Chemist: 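Please see the structure below; I have some questions.
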Amino acid sequence: MIADILITFFLVVSGVFGLVGSFGLIKLRDTMQRVHAPTKATTLGVGGVLIASMLYFLLIKGSFSFHELLITLFLLLTAPITANFIAKTFIAVHLRARDLPETGGEYGWAVYDDPPTRPDAE
Amino acid sequence: MITGALVFAFACYGLGLLFNLWRIATGPDAADRILALDTMVINVIALLILYGIWRGTAVYYEASMLVAMVGFVSTVAYARFVLRGDIIE
């Protein structure tokens, strides 16, 4: 009974998170705003589904597997990289270097400037 | 109880897929389409795992792992193509 309630809770919460992430994709106005909804909410939703699956196979079927943790780890690692790439794509297509604030560091924005060379590279 | 929650989660992710399709069809530029395709891949992973719970088999983990890897690589390749005009320099 406790197992049923736990699994149901995780399934419902993850479904709501996934729906919110995909709804934000059509609701938000700007591309840079739209990057936020799927990369955060949907990744959390998939994490909830994976936890529910792990609990189901552990508590109902009686077999433990840690494949789900691998998938969760992979998704949590790749979601920020994906968001960074999409933001860089948007910046490269729509903005120029004068539209952006100063980086405050020694080098400019990575989208426009060449990568810095090490002094001992020659 | 678990069956009802599974049906609810299936409905949520299926509706999410429809939203993503709408964004792919009407997206103003390429960044929106890349983002919608990546979200679609994540939703499909969730649907595969839900189907695995539904059928009670552990076969679908490997399928969802493969979908996750292929989806990440294809997203990076598409973004890189728009960014640099070339995938492998």
Side-chain angles (χ1 to χ4, degrees), chain A residues 1 3-5 7-12 14-27 31-32 34-35 37-39 42-43 45-46 48-50 52-53 56-57 60-61 63 65 67-68 70-71 74-75 77-79 81-94 111, chain B residues 1-20 22-24 26-32 34-36 38-43 45-50 52-53 56-58 60-62 64-65 67-69 71-73 75-76 78-84:
Chain A
M1 189 61 196
D4 281 13
I5 291 173
I7 295 165
T8 307
F9 172 75
F10 275 111
L11 281 176
V12 170
S14 72
V16 169
F17 264 108
L19 189 60
V20 165
S22 294
F23 183 64
L25 194 62
I26 65 166
K27 178 76 169 63
T31 303
M32 286 305 238
R34 280 196 285 267
V35 169
T39 52
T42 312
T43 309
V46 175
V49 172
L50 292 161
S53 167
Y56 180 79
F57 282 101
I60 308 279
K61 296 279 180 184
S63 66
S65 73
H67 288 130
E68 290 96 337
L70 281 178
I71 300 175
F74 187 77
L75 281 179
L77 279 178
T78 56
I81 302 172
T82 307
N84 187 15
F85 258 101
I86 292 166
K88 273 170 88 171
T89 307
F90 180 78
I91 287 175
V93 173
H94 287 279
V111 179
Chain B
M1 196 158 71
I2 292 178
T3 311
L6 272 176
V7 169
F8 176 75
F10 268 121
C12 283
Y13 283 103
L15 200 58
L17 276 178
L18 282 180
F19 289 164
N20 296 338
W22 192 82
R23 177 52 71 195
I24 288 173
T26 68
D29 59 346
D32 287 302
I34 301 171
L35 185 61
D38 185 60
T39 315
M40 235 175 155
V41 167
I42 296 177
N43 282 340
I45 293 166
L47 280 177
L48 270 175
I49 295 163
L50 286 173
I53 301 176
T57 67
Y60 291 94
Y61 299 144
E62 277 78 11
S64 51
M65 194 77 204
V67 169
M69 288 179 171
F72 172 65
V73 171
T75 305
V76 170
Y78 194 1
R80 197 143 179 85
F81 179 69
V82 176
L83 203 59
R84 310 282 295 199

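Within every chain, numbering begins at 1; the chains are lettered A, B, ... in the order of the sequence lines, protein sequences first and strands thereafter. Quick caveat: nothing in here was measured; it's all calculated off a predicted structure.
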Chemist: Check whether any side-chain heavy atom of B:Phe19 sits under 4.5 Å from a side-chain heavy atom of A:Leu25, and report yes or no.
Modeler: no
Chemist: CD1 of B:Ile53 to CG of A:Leu11: how many Å apart, nearest 0.5 Å?
Modeler: 5.5 Å
Chemist: Quick check: closest heavy atoms across A:Phe57 and B:Thr57, and the distance to 0.1 Å?
Modeler: CZ-O, 3.4 Å
Chemist: What part of B:Phe72 is in contact with chain A, defined as an atom under 4.5 angstrom from a non-hydrogen atom: side chain, backbone, both or neither?
Modeler: side chain
Chemist: Against chain B, label A:Phe23 side chain, backbone, both or neither, depending on which of its atoms sit under 4.5 Å from a heavy atom there.
Modeler: both
Chemist: Roughly how far apart are A:Ile5 CD1 and B:Met1 CE, rounded to 0.5 Å?
Modeler: 5.0 Å
Chemist: Side chains of B:Leu15 and A:Ser22: closer than 4.5 Å at any heavy-atom pair?
Modeler: no
Chemist: Please identify, among B:Ala58, B:Ala68, B:Ala46, B:Gly14, the residue contributing the most non-hydrogen atom pairs under 4.5 Å to chain A.
Modeler: B:Ala68
Chemist: Given that the side chain runs from C-beta out, which part of B:Leu18 has a heavy atom under 4.5 Å from chain A: side chain, backbone, both or neither?
Modeler: neither
Chemist: Do A:Phe85 and B:Val76 come within less than 4.5 Å of each other through their side chains, counting heavy atoms only?
Modeler: yes
Chemist: Please check if atom CZ in A:Phe74 has more than 12 non-hydrogen atoms from other residues, nucleotides or ligands closer than 6.0 Å.
Modeler: yes
Chemist: If you define the side chain from C-beta out and look only at heavy atoms, does anything of B:Asp38 sit under 4.5 Å from A:Pro38?
Modeler: no
Chemist: At their closest point, which heavy atom of B:Cys12 faces which heavy atom of A:Gly15, and how far apart are they?
Modeler: CB-O, 3.3 Å
Chemist: Counting heavy-atom pairs under 4.5 Å with chain B, which one of A:Ile86, A:Val93, A:Val46 comes out on top?
Modeler: A:Ile86
Chemist: Given heavy-atom pairs under 4.5 angstrom as the criterion, report whether the side chain, backbone, both or neither of B:Met40 touches chain A.
Modeler: neither
Chemist: Compare every heavy atom of A:Lys88 with every heavy atom of B:Leu83, then report the nearest pair and how far apart it is.
Modeler: CD1-O, 3.4 Å
Chemist: Given B:Ile45, which partner from the list A:Leu50, A:Val49, A:Leu75, A:Thr42 fulfils the side-chain contact (heavy atoms from CB on, under 4.5 Å) test?
Modeler: A:Leu75
Chemist: In terms of heavy-atom proximity below 4.5 Å to chain B, should A:Val20 be classed as side chain, backbone, both, or neither?
Modeler: neither
Chemist: Just verifying a value: how many Å separate B:Tyr13 OH and A:Ser14 OG, rounded to the nearest 0.5 Å?
Modeler: 4.5 Å
Chemist: If every non-hydrogen atom of B:Met65 is compared with every non-hydrogen atom of A:Ile71, which pair is closest and at what distance?
Modeler: SD-CG1, 3.3 Å
Chemist: Is any side-chain heavy atom of A:Phe90 less than 4.5 Å from a side-chain heavy atom of B:Asp29?
Modeler: yes
Chemist: For a quick test of reading the model, state the closest non-hydrogen atom pair linking A:Leu19 to B:Gly16 and the distance between them.
Modeler: CD1-N, 4.2 Å
Chemist: Taking atom OG1 of A:Thr78 and atom CD1 of B:Ile42, what is their separation to the nearest 0.5 Å?
Modeler: 7.0 Å
Chemist: Among B:Ile49, B:Leu17, B:Val82, who wins on heavy-atom pairs under 4.5 Å with chain A?
Modeler: B:Ile49
